[in-house]
Amino acid sequence: MIDYTKMIILAKNAMKNSYSPYSNFKVGACVLTKSGKYYLGTNVENSSFGATVCAERSAICCAVTDGEREFEAIAIVSSGDDYTFPCGICRQFISEFNKDIKIIVAKDEKNYKIFTLQKLLQNGFNKGDIK
Ligand code: THU
């Protein structure tokens with residue numbers, strides 16, 4: 001059983017460290033590995049805007065750095081009023097590791113929605129396409 005509440009609380013904690021002086025839009029992410037570990041990420045902006053890294057990719061990079069590549073779910077929270085969905089680059093980035101991963105977009109611990117990545121990224125490019 002995935003503990004969505006825990007994932008959302010952890011993502012909210014990560015969001016506190018957001019470095020977002022340009023947008024003032026804070027994002028936090030928590031990825032759960034199939035082995036039961038949690039890794040966190042937040043958005044890290046840059047004066048060269050295109051160099052900004054989203055929270056989701058931050059979290060996945062932390063997990064991969066620690067040797068994890070099998071992911072069950074990722075929760076995303078933000079300082080915005082509405083649900084924050086992963087951007088296109090993040091959908092593609094996440095799909096590298098699991099096309100069936102659950103994506104939890106949350107306003108708070110009580111208000112969240114669950115999707116599969118398949119639903120959010122249809123006909124994505126993947127390693128099988130490189131021949
Ligand atoms: N952002 C994320 O961290 N994740 C997303 O999926 C959407 C956008 C960040 C990037 C930037 O720091 C800020 O939100 C505004 O775009």
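In this chain, numbering begins with 1 at the start of the sequence shown. No experiment lies behind these values; they were computed from the predicted model shown.
- In plain terms, the two heavy atoms of Phe25 and Ser78 that are nearest each other are CZ-OG, 3.5 Å.
- Few gaps surround CD1 on Ile2; more than 12 heavy atoms of other groups in view lie less than 6.0 Å from it.
- For residues 31-64, every residue pair satisfying the ring-ring contact (aromatic ring centres under 6.0 Å, His included) rule, not counting sequence neighbours, is listed here: Tyr22-Phe49.
- A search for side-chain hydrogen bond (donor to acceptor under 3.5 Å, both in side chains) contacts involving Gln118 returns Asp100, not counting sequence neighbours.
- Judged as a salt bridge (Lys or Arg N to Asp or Glu O under 4.0 Å), the pairs with a partner in residues 6-19 (not counting sequence neighbours) are, in order, Lys12-Glu109.
- The stretch residues 104-131 participates, sequence neighbours left out, in these ring-ring contact (aromatic ring centres under 6.0 Å, His included) pairs: Tyr4-Tyr112, Phe85-Phe115.
- Cation-pi contact between Lys34 and Phe71: absent, since separation from the ring centre below 6.0 Å together with deviation from the ring axis within 45° is not met.
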Determine, step by step, whether Asn43 and Ser18 satisfy the side-chain hydrogen bond (donor to acceptor under 3.5 Å, both in side chains) criterion, reporting the C-alpha distance in whole Å, the side-chain angles of both residues, the deciding distance to 0.1 Å, and the verdict. CA-CA 5 Å; Asn43 53 330; Ser18 167; 2.7 Å; yes

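- Asn13 contributes atom CG, which lies 12.5 Å from atom CD1 of Ile8 (distance to the nearest 0.5 angstrom).
- Within 6.0 Å of CD on Glu96 lie more than 12 heavy atoms contributed by other residues, nucleotides or ligands.
- Here Asp82 pairs with nothing under the side-chain hydrogen bond (donor to acceptor under 3.5 Å, both in side chains) rule; sequence neighbours left out.
- Note on residues 55-66: no pairs pass salt bridge (Lys or Arg N to Asp or Glu O under 4.0 Å), not counting sequence neighbours.
- When all heavy atoms of Val27 and Thr42 are compared, the closest pair comes out as O-OG1, 2.7 Å.
- Surrounding CG of Asp129 are more than 12 heavy atoms belonging to other residues, nucleotides or ligands, all under 6.0 Å away.
- For Val77 against Met15, the heavy-atom pair with the smallest separation is CG2-SD, 3.8 Å.
- Counting only heavy atoms from C-beta outward, the side chains of Ile103 and Ile94 approach each other to under 4.5 Å.
- A donor-acceptor contact closer than 3.5 angstrom is absent between the side chains of Thr33 and Glu72.
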Taking it one step at a time, do Leu32 and Lys37 satisfy side chain to side chain contact (heavy atoms under 4.5 Å, CB included)? CA-CA 6 Å; Leu32 170 65; Lys37 292 184 191 162; over 6 Å; no

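- For Lys102, the NZ atom sits in a loose shell: 12 or fewer heavy atoms of surrounding residues, nucleotides or ligands are nearer than 6.0 Å.
- Judged purely by atom type and a 3.5 angstrom limit, Arg69 has no side-chain atom pairing as donor or acceptor with the backbone of Val64.
- Taking 4.5 Å as the limit, some side-chain heavy atom of Asp108 sits within range of a side-chain heavy atom of Asn111.
- Considering every non-hydrogen atom in both Ser23 and Glu45, the closest pair reads OG-OE2, 2.5 Å.
- A pairwise comparison of heavy atoms in Leu40 and Cys62 identifies O-SG, 3.7 Å as the closest pair.
- Side chain of Ser79 to backbone of Lys26: a donor-acceptor contact under 3.5 angstrom is found.
- The nearest pair of heavy atoms linking Cys54 to Cys87 is SG-SG, 3.9 Å.
- With values rounded to the nearest 0.5 angstrom, Glu68 atom CD is found 3.5 Å from Ser35 atom OG.
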